[in-house]
Amino acid sequence: MDSSAPVTPASPKLIKVKDPQPGVPLFGCEHLQLLLSSGPVDRMRSTITHYKNCLRVIFDNTPIVPQTSKTAKNQPFTALTPNYLCLQCTTTTTAQDRITHGTETLHRFYVESRTGGLFCQMCDDFVWDPTLEELRMRKIGTGSFSSRKRKHDELFTESAKEDPRFISTNTTEAPCRASGLRGIYNMGATCYMNVILQCFVHNPLLRNFYLGDGHQNSECTIKNCMSCAMDDMFQDFYGQEITTGYSAANILASFWLSKRKAYEELASNKEQDAHEFFQFLTEELHEINGGGRLQDTEDSQGVKRIKTNNESGCKCIVHQTFYGKSQSTVTCQNCGDINVSVQPFLDLSLGLDSISKKKHLQSTTTLSLQGCLDEEYAKTERCEYTCHSCKTPEAKKSLSIKSLPNVLCIQLKRFKQHVGSASKIDTKVSFPLKLEMLPYTNRARNQDIRQNYELARSCTYDLQSVVVHVGNLETGHYVSYSRVGNQWFKFNDHNVTLATKSQVLNEQAFILFYVIQSLA
Amino acid sequence: MSTSDSFPQTGIIVAGDEDNLDNMSKLAHAVLDDIVYNIVHDILLKTHREEKMARASSAAIVVEHLAAQADPTSTDDSSSANGQAPSHPIETSAATYDNGKVYLKSNPLKTTPEIRCTRCGLPRLLYPTDGIGARAPEPGVEYCKKHPFIDKPYHDIYGQTYVPLGPGRGKKKKDMINPLAMTPNGSQGSATNSPPANEAPKPIAFPHAKCLNCGTFLPIKRMSNHMAKCIGGGGRDSSRNALLKIQNGNGNGTGSQNGTTSPGSRQSTPTSNRGTSRSSPIKRSADDDFESDSPPQKKKKKVIKKTPVTKLKAPKTSKSIFSSQHSASNLSFEEKAPQSEDEDDEDEGDGEFSTVVVEPKAKAKAATKKAKEADSKKKWLHGKGGVKATLPPLAATKNGNGTGDVDSESSQTLSSPN
């Protein structure tokens with residue numbers, strides 16, 4: 001990744017077949033091997049370049065283009081079902097015509113028009129070639145072939161570029177059975193903590209941070225450090241073959257010992273709000289990892305916590321993971337004066353109560369997450385604001401998202417305060433497995449988003465974890481669901497069971513964690 | 001449109017009566033059909049991708065393994081992949097290994113029946129050992145330890161059972177749904193040394209965990225409650241303790257003159273305190289009985305043995321106070337009394353006490369007993385530091401005065417044979 005990059009064979013400019021790796025065949029099939037390895041080097045290069053072009057056609061434009069083929073009479077023919085783009089010429093064929101095209105031209109490789117998968121006609125099967133598949137995954141994920149587009153992406157590709165021997169000598173390989181799937185024991189009404197910890201354990205960014213020695217236990221000088229406790233937990237989850245639950249006693253102790261003013265109420269042996277614990281945990285980890293807290297805490301108890309003024313500039317793991325920016329624009333109705341303010345956010349809180357009221361819905365009607373987001377981040381509303389220049393009390397306010405976080409946390413406020421009493425809102429909110437956030441960003445206002453597929457894809461999120469509250473306000477229980485690969489798991493304290501997608505989607509969610517697609 | 005240009009009939013959904021449909025219905029049917037086809041296509045492709053890539057890499061692992069065997073100089077995979085490879089290519093039915101590179105032969109879905117772990121190279125178990133879709137694994141095969149997850153009621157993904165808590169917080173037997181009533185084969189996975197299949201698998205046990213603040217080991221279920229007391233300073237007795245502290249503080253403030261008279265009254269307070277706190281540890285130990293068997297035994301003994309000591313000590317300490325005229329230390333004794341009673345195992349006592357208990361009763365434990373008493377005294381007189389000074393007289397009084405107490409007498413009789 002430095003200036004001497006052209007020398008290294010892994011330079012992205014150079015088109016070549018991926019270096020051999022142990023445990024991975026060099027090519028997807030023997031026919032592809034003939035195409036890519038025998039013959040002139042130019043053929044291999046042109047094939048790969050052409051595959052890239054095919055992917056561009058598929059992913060960067062309207063799907064009509066790859067879905068349209070030409071009939072024998074040269075008429076455009078658009079189908080909903082998959083088409084095949086020839087890898088060796090510019091023809092697009094339907095599934096039926098593919099064989100005809102193959103016998104006519106001896107072209108054997110085709111790119112499927114909906115997913116970009118490579119089809120080998122000689123195998124009569126889809127082929128997953130390491131070189132081409134990497135390009136495809138990268139295209140789907142970040143929308144570009146280079147691995148440098150997103151900073152966090154380096155976390156993944158950088159290591160792959162290094163010498164495997166270097167990696168093997170400097171890392172400890174986790175045992176096969178250690179999958180990170182363990183329960184956490186309930187220590188007496190600590191399920192509010194367990195669900196948040198499970199969501200953290202299955203958060204890819206936090207996982208990589210801690211497993212990559214992001215916070216080193218041995219070098220930490222902070223007493224009762226929460227980050228050390230987290231580090232312990234991650235090591236235990238991913239490095240041990242234990243299948244029984246985890247005792248998060250150290251985390252609980254660090255939590256209690258941290259004695260934060262805002263969360264003193266939380267530190268008791270009563271049932272607590274999971275979202276408040278989430279806020280606590282992120283703040284605590286931010287201060288420890290972001291340098292907001294002085295390292296020598298021994299003599300500086302008073303000044304232990306210094307708020308970093310430029311919170312947005314913080315590069316700590318919590319900010320990298322959870323923080324985005326929202327922008328509120330207040331427009332004066334009289335003089336058109338625009339007042340813009342940008343605020344960082346840790347999570348998006350959606351007040352179900354107010355949204356139901358705005359929409360004049362019965363509390364029993366099912367809302368959708370997108371509908372709630374529409375209400376909060378896409379529509380403009382009248383607000384009480386007096387213009388500085390013309391003193392008109394008429395203004396419109398619109399809220400939008402300026403920058404999206406890598407992990408989007410959405411809280412559905414299920415607790416409402418009435419006069420004197422509080423109650424839980426049991427409104428069902430449907431949430432998707434894939435969430436498109438582009439319509440709620442301020443970019444969406446500026447340009448025609450329907451045309452920009454690449455942008456939309458970079459704003460797509462995958463559901464990672466769901467926190468569910470069962471019961472009423474006084475007493476209840478938290479359970480959480482998290483996804484590992486395509487499989488969902490239900491975490492109920494120390495019990496881990498398999499869960500189906502429909503089971504997850506039918507739950508009455510309280511907190512949702514979405515991970516940006518390129519990472520998930 | 002000619003016939004050759006017609007849309008492919010995906011035919012996933014069959015409309016009821018094809019002939020009587022109007023155009024709109026036909027269109028809707030065709031679109032729906034295609035969309036369902038696409039969904040199925042995508043799911044299938046995803047699974048296909050996972051499966052085929054896993055098989056392809058399995059084929060590669062097998063042939064690499066063979067190559068490593070054929071060439072003794074290259075011991076591990078990384079070196080065999082990078083250079084000193086066997087001079088001639090090695091072939092299996094699925095792949096060819098040549099000079100550090102692996103080439104596939106034909107379709108790995110056909111040639112490679114097994115999936116091997118990319119980490120350890122052992123074959124993966126393809127079906128769960130229990131629950132839905134379970135199949136008995138082939139005996140005598142060493143599988144990768146990563147097993148398919150088990151989907152079975154009242155069992156977690158590793159096949160461990162758990163007892164779901166019933167309505168009454170699940171502490172009583174009748175509150176539990178017993179999932180172990182129906183136990184087919186518990187665990188018969190590749191772990192061949194596991195207990196016999198018909199043996200009812202144990203539910204996940206609740207471990208003990210160490211409190212970060214005080215270092216006590218406690219049942220995990222009580223951790224939060226403990227921390228409320230230990231760290232949070234909350235808990236049921238907190239207000240009482242605080243009140244006691246305030247009162248003692250006042251006594252301290254009034255000066256030493258009062259202090260000379262107060263020992264008597266102070267003496268009474270600790271003993272009364274003793275009375276109340278004696279009942280509470282018993283309560284607690286009963287509580288403990290619930291969760292674990294061995295620790296409460298220790299605690300009971302401890303409590304019983306401590307009582308004579310403290311009673312005996314009462315006049316003694318008052319004398320020593322007269323001599324040392326440090327009322328503050330005595331005060332600290334007072335306020336410490338209930339606290340240390342409460343969490344004696346959290347102080348230095350734990351180790352010594354356990355050794356005492358561990359020793360068989362047949363061995364008369366006069367020595368250990370004495371040591372223990374010294375320990376407990378040490379604890380009581382902690383604040384003062386005058387342990388050595390007070391020790392000999394105490395031992396003496398114990399020998400002389402202890403006859404009144406049944407418990408100490410018994411210990412005496414035990415000690416005499418030694």
Side-chain angles (χ1 to χ4, degrees), chain A residues 20-30 33 71-73 75 77 79-82 94-96 114-115 117 123 125-126 128 164-165 168 173 175-177 179 181 183 185-190 224 241 243-245 247 249-250 252-254 256-257 267-269 487 489 494-498, chain B residues 4-5 7-8 10 31 34-35 37-38 41-42 45 48-49 52-53 56-57 59-61 64 77-78 81-82 95 100-107 109 117-120 144-146 149 151 156-158 160 162 204 206-207 209-213 220-225 227-228 231-232 234:
Chain A
Q21 282 181 313
V24 180
L26 204 56
F27 299 103
C29 73
E30 48 194 337
Q33 179 192 340
T71 63
K73 291 170 187 165
Q75 285 171 321
F77 179 84
L80 285 171
T81 47
T94 62
Q96 296 154 305
R114 296 179 68 253
T115 57
C123 294
D125 197 1
F126 280 94
W128 310 104
R165 272 177 300 182
S168 65
E173 206 151 278
C176 299
R177 198 171 171 84
S179 52
L181 290 160
Y185 288 113
N186 194 329
M187 295 179 279
T190 57
N224 299 318
E241 286 198 11
T243 54
T244 53
S247 327
N250 282 357
L252 188 67
S254 306
W256 286 52
L257 287 167
S268 80
N269 52 347
Q487 179 63 54
F489 296 90
H494 61 282
N495 299 327
V496 188
T497 45
L498 292 170
Chain B
S4 66
D5 301 337
F7 286 98
T10 45
V31 168
D34 279 356
I35 287 171
Y37 175 86
N38 282 349
H41 181 271
D42 287 356
L45 202 63
H48 177 272
R49 175 175 180 270
K52 193 166 181 179
M53 285 174 84
S57 78
I61 288 165
E64 274 172 10
D77 280 2
S78 57
N82 288 295
K101 289 173 183 170
V102 176
Y103 305 103
L104 283 177
K105 290 160 75 181
S106 94
N107 196 334
L109 286 176
C117 175
T118 47
R119 274 191 210 156
C120 63
C144 168
K145 279 185 178 167
K146 189 178 175 182
F149 296 116
D151 191 3
D156 75 355
I157 49 169
Y158 301 109
Q160 302 162 115
Y162 58 88
I204 304 172
F206 284 92
K210 191 177 166 188
C211 172
L212 195 68
N213 197 37
I220 191 86
K221 274 185 171 178
R222 289 181 38 209
M223 210 65 205
S224 181
N225 270 323
M227 282 183 191
I231 304 169

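Here is the naming used below: chain letters follow the sequence lines, and residue numbers restart at 1 for every chain.
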**Prompt:** In terms of heavy-atom proximity below 4.5 Å to chain B, should A:Ser247 be classed as side chain, backbone, both, or neither?
**Reply:** both
**Item:** chain B contact via A:Glu241 - which portion, at a heavy-atom distance below 4.5 Å
**Value:** side chain
**Prompt:** If you count heavy-atom pairs under 4.5 Å with chain B, which of A:Asn250, A:Asp125, A:Asn186 comes out on top?
**Reply:** A:Asp125
Heavy-atom pairs under 4.5 Å with chain A: which of [options] has the most?
{"options": "B:Lys52, B:His48, B:Lys146", "value": "B:His48"}
{"options": "B:Ile220, B:Asp151, B:Asn38, B:Leu104", "value": "B:Asn38"}
{"options": "B:Ser106, B:Ala209, B:Cys117, B:Ala59", "value": "B:Ser106"}

**Request:** Ignoring hydrogens and angles, tell me if any N or O in the side chain of B:Asn107 forms a donor-acceptor pair with the backbone of A:Cys123 under 3.5 Å.
**Result:** no
**Item:** Exam field: side chain A:Glu30 to backbone B:Lys105, donor-acceptor pair closer than 3.5 Å
**Value:**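 No, the answer is negative, given that no donor and acceptor are paired below the 3.5 Å cut-off.
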Atom pair [atom1] ([X]) and [atom2] ([Y]), whose distance is rounded to the nearest 0.5 Å:
{"X": "B:Arg49", "Y": "A:Trp128", "atom1": "CZ", "atom2": "CH2", "answer": "6.5 Å"}
{"X": "B:Arg222", "Y": "A:Met187", "atom1": "CZ", "atom2": "CE", "answer": "14.0 Å"}
{"X": "A:Leu181", "Y": "B:Phe149", "atom1": "CG", "atom2": "CZ", "answer": "4.5 Å"}
{"X": "A:Thr81", "Y": "B:Ile35", "atom1": "OG1", "atom2": "CD1", "answer": "11.0 Å"}

**Request:** Could you look at B:Ala95 and say if it's the side chain, the backbone, both or neither that has a heavy atom under 4.5 Å from chain A?
**Result:**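 For B:Ala95, neither part sits under 4.5 Å from chain A.
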**Sub-4.5 Å side-chain heavy-atom contact between B:Ser224 and A:Leu252** = yes
**Request:** Answer yes or no: is there a side-chain heavy-atom contact under 4.5 Å between A:Phe126 and B:Leu45?
**Result:**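 Of all side-chain heavy-atom pairs linking B:Leu45 with A:Phe126, at least one is under 4.5 Å.
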**Request:** May I have the step-by-step check of side-chain contact (heavy atoms from CB on, under 4.5 Å) for A:Leu26 and B:Lys101, ending in yes or no?
**Result:** CA-CA 7 Å; A:Leu26 204 56; B:Lys101 289 173 183 170; 3.7 Å; yes
**Request:** Give the minimum heavy-atom separation between A:Thr115 and B:Asp42, together with the two atoms involved.
**Result:**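 For A:Thr115 and B:Asp42, the tightest heavy-atom pair comes out as CG2-OD1, 3.9 Å.
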